[in-house]
Amino acid sequence: MEQAQAAKHGGERNPETERYLLSLDGGGVRGLSTLYILKALMGQLNNKRQEDNLSSVRPYQIFDLIGGTSTGGLIAIMLGRLQMDVDECISEYKHIMNMVFEEKAGWLPISSMSWLPISWRGRIKARFDSKRLEGAIKEVITRCGASESDLFNDGNPRECRVFVCATARETGGITCLRSYSLLGGNDIHATICDAALATSAATSFFDSVSIGARIFVDGALGANNPVDEVEGEALNIWCPQTGDLKPLVKCFISIGTGNPGTKAIKDSIIRFLSETLVRIATETEYTERKFIARWRRHYDEKCFFRFNVDQGLQEVGLAEYKEEGTIEAATDQYLGHLAQRFRVRDCVQNLGQRDIVDYA
């Protein structure tokens with residue numbers, strides 16, 4: 001069946017040792033920027049393939065591993081586990097954002113200037129209806145031909161492995177929910193929907209998610225830029241004995257959701273949450289700098305690529321779904337800059353070296 005799907009969508013990957021990795025940041029509705037960047041990459045790649053009389057390919061046929069956090073986790077599931085192309089993913093992503101962020105889930109007004117997300121017991125509660133998010137995700141899953149009850153890791157081997165980051169409420173540590181098994185690892189029996197909800201369950205935005213006896217919130221509190229987690233997962237999959245991953249990596253792409261600056265604190269008036277959001281924004285850029293320093297040779301040799309809109313998205317809050325035009329315009333401007341055009345060109349040339357059997 002998978003070979004039939006591969007034939008339908010452009011081909012089957014040849015066995016090889018070189019690995020292609022994709023890391024997707026969190027960032028609420030700004031995840032659209034991630035998808036517009038991916039659309040540019042995949043569009044240029046498929047244009048080149050058509051010039052060479054080859055069929056178009058989808059991200060799951062290019063990447064061996066896709067990992068994401070929060071909104072990036074949701075995108076990773078759609079592209080990797082549900083095997084969408086980027087245009088389909090953009091359409092479904094917009095649908096989810098519109099459904100979920102259209103109305104808030106009953107906050108207590110405390111003044112004409114602000115809203116306090118607390119219950120009558122004084123506990124922080126969700127700003128948005130978690131049931132609407134669950135319903136929207138289930139609609140996407142069924143439209144892709146899967147079942148609401150399908151497991152994220154159903155035991156079927158897939159060339160594109162997918163994981164999402166979530167935070168264990170019991171310990172505060174990052175947990176990876178996987179579409180695959182690791183030797184000696186503990187599998188969490190989550191459905192596709194469970195995994196999507198767990199990685200998306202941002203504190204103060206949505207309710208926490210229970211999977212068995214475990215409780216999860218989104219992974220942004222510890223890995224909003226999950227590039228380190230992608231590296232760790234790839235190491236555990238392909239070289240657990242040697243720990244020598246770098247020689248295997250042909251292309252490693254990390255995509256952000258735009259530098260939010262300090263404006264992200266406007267998504268909450270509670271001091272704790274404000275400080276948390278500032279730390280998340282800072283952590284994303286700090287993680288990027290540390291990772292590039294470690295992978296400098298791959299960066300210099302055009303094997304590691306980081307794309308992240310630097311200007312224009314500071315005013316877009318995590319839940320401002322009506323700012324679609326602003327997100328698209330800022331991303332277009334970023335990609336139109338000469339330096340980014342060269343980086344996109346180099347990245348596409350690298351992706352074009354992926355050896356895929358074509359059935360056209």
Side-chain angles (χ1 to χ4, degrees), residues 22-44 68-76 86-87 89-90 93-94 97-98 101 202 205 218 220 223-228 230 252-268 273-293 295-296 299-300 302 304-348:
L22 177 62
S23 174
L24 305 173
D25 286 14
V29 298
R30 293 194 301 264
L32 269 177
S33 179
T34 296
L35 286 168
Y36 291 141
I37 291 171
L38 269 175
K39 180 175 181 177
L41 295 174
M42 294 301 299
Q44 291 191 30
T69 293
S70 191
T71 189
L74 186 57
I75 292 170
V86 179
D87 284 332
C89 191
I90 289 173
Y93 188 81
K94 288 180 180 179
M97 296 300 107
N98 291 343
F101 293 127
F205 280 71
D218 78 323
N224 201 41
N225 178 347
V227 68
D228 288 334
V230 173
F252 197 149
I253 301 174
S254 171
I255 306 179
T257 59
N259 188 335
T262 59
K263 297 295 184 180
I265 65 173
K266 289 189 175 181
D267 281 331
S268 175
L273 293 177
S274 297
E275 292 174 350
T276 298
L277 288 171
V278 171
R279 178 168 60 83
I280 288 172
T282 304
E283 176 270 333
T284 299
E285 303 306 313
Y286 180 60
T287 300
E288 174 189 341
R289 290 195 297 270
K290 287 196 307 178
F291 193 86
I292 290 177
W295 285 68
R296 181 172 179 176
Y299 187 84
D300 290 341
K302 302 173 184 177
F304 176 75
F305 301 88
R306 170 70 174 175
F307 298 103
N308 192 33
V309 174
D310 51 359
Q311 294 293 329
L313 299 182
Q314 289 90 341
E315 299 291 337
V316 180
L318 303 182
E320 293 179 3
Y321 74 98
K322 293 183 179 180
E323 295 295 331
E324 175 186 329
T326 300
I327 296 170
E328 183 173 358
T331 307
D332 283 347
Q333 182 172 320
Y334 168 79
L335 291 173
H337 191 281
L338 188 60
Q340 299 309 323
R341 289 169 60 185
F342 286 148
R343 290 295 288 175
V344 168
R345 177 204 62 191
D346 294 339
C347 184
V348 170

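Everything numeric in this text was worked out from a predicted model, so none of it was measured.
Side-chain atoms of Leu22 and Leu38, non-hydrogen and from C-beta on, do get closer than 4.5 Å to each other. Using a 4.5 Å heavy-atom cutoff, the side chains of Asp25 and Thr69 are not in contact. Contact of the Arg30 side chain with the Thr71 side chain is not registered, since no non-hydrogen atoms from C-beta on lie closer than 4.5 Å. A heavy-atom distance below 4.5 Å is found between the side chains of Phe307 and Cys347.
Counting only residues at least two apart or on different chains, the salt bridge (Lys or Arg N to Asp or Glu O under 4.0 Å) pairs with a member in residues 32-44 are Lys39-Asp87. For residues 328-341, there are no salt bridge (Lys or Arg N to Asp or Glu O under 4.0 Å) pairs, not counting sequence neighbours.
Atom-to-atom distance recorded for Gln340:CD and Ile37:CD1 is 8.0 Å, nearest 0.5 angstrom. To the nearest 0.5 Å, the span separating SG on Cys89 from CG on Leu74 amounts to 7.5 Å.
Shown here for Leu24 and Gly72, the closest heavy-atom pair between the two residues is CD1-O, 3.6 Å. Residue Gly27 comes nearest to Asn224 through the heavy atom pair N-OD1, 4.4 Å, listed as atom of the first residue, atom of the second, then distance. The heavy-atom pair separating Phe304 from Val227 by the smallest distance is CE1-CG2, 4.3 Å. Between Asn225 and Ser254, the closest heavy-atom pair is OD1-OG, 4.0 Å.
By the side chain to side chain donor-acceptor pair (under 3.5 Å) test, Gln44 is found to be paired with no residue, residues two or more places apart in sequence or in another chain being considered. Residues satisfying the side chain to side chain donor-acceptor pair (under 3.5 Å) test with Tyr36, not counting sequence neighbours, are none. With sequence neighbours left out, Ser23 forms a side chain to side chain donor-acceptor pair (under 3.5 Å) with no residue at all. Residues passing the salt bridge (charged side-chain N to carboxylate O under 4.0 Å, His left out) test with Asp346, sequence neighbours excluded: Lys302. Listed by chain and number, the residues in a side chain to side chain donor-acceptor pair (under 3.5 Å) with Thr34 amount to none (sequence neighbours excluded). With sequence neighbours excluded, no residue satisfies salt bridge (charged side-chain N to carboxylate O under 4.0 Å, His left out) with Asp310.
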Inset, instruction - Report the C-alpha distance between Leu41 and Val344 in whole Å, list the side-chain angles of each, state the deciding distance to 0.1 Å, and finish with yes or no for side chain to side chain contact (heavy atoms under 4.5 Å, CB included). - result: CA-CA 7 Å; Leu41 295 174; Val344 168; 3.9 Å; yes
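Of the possible polar contacts, none joining the Asn308 side chain to the Ile255 backbone as a donor-acceptor pair under 3.5 Å is found. Using modelled atom types, one side-chain atom of Thr257 and one backbone atom of Gly26 make a donor-acceptor pair closer than 3.5 Å.
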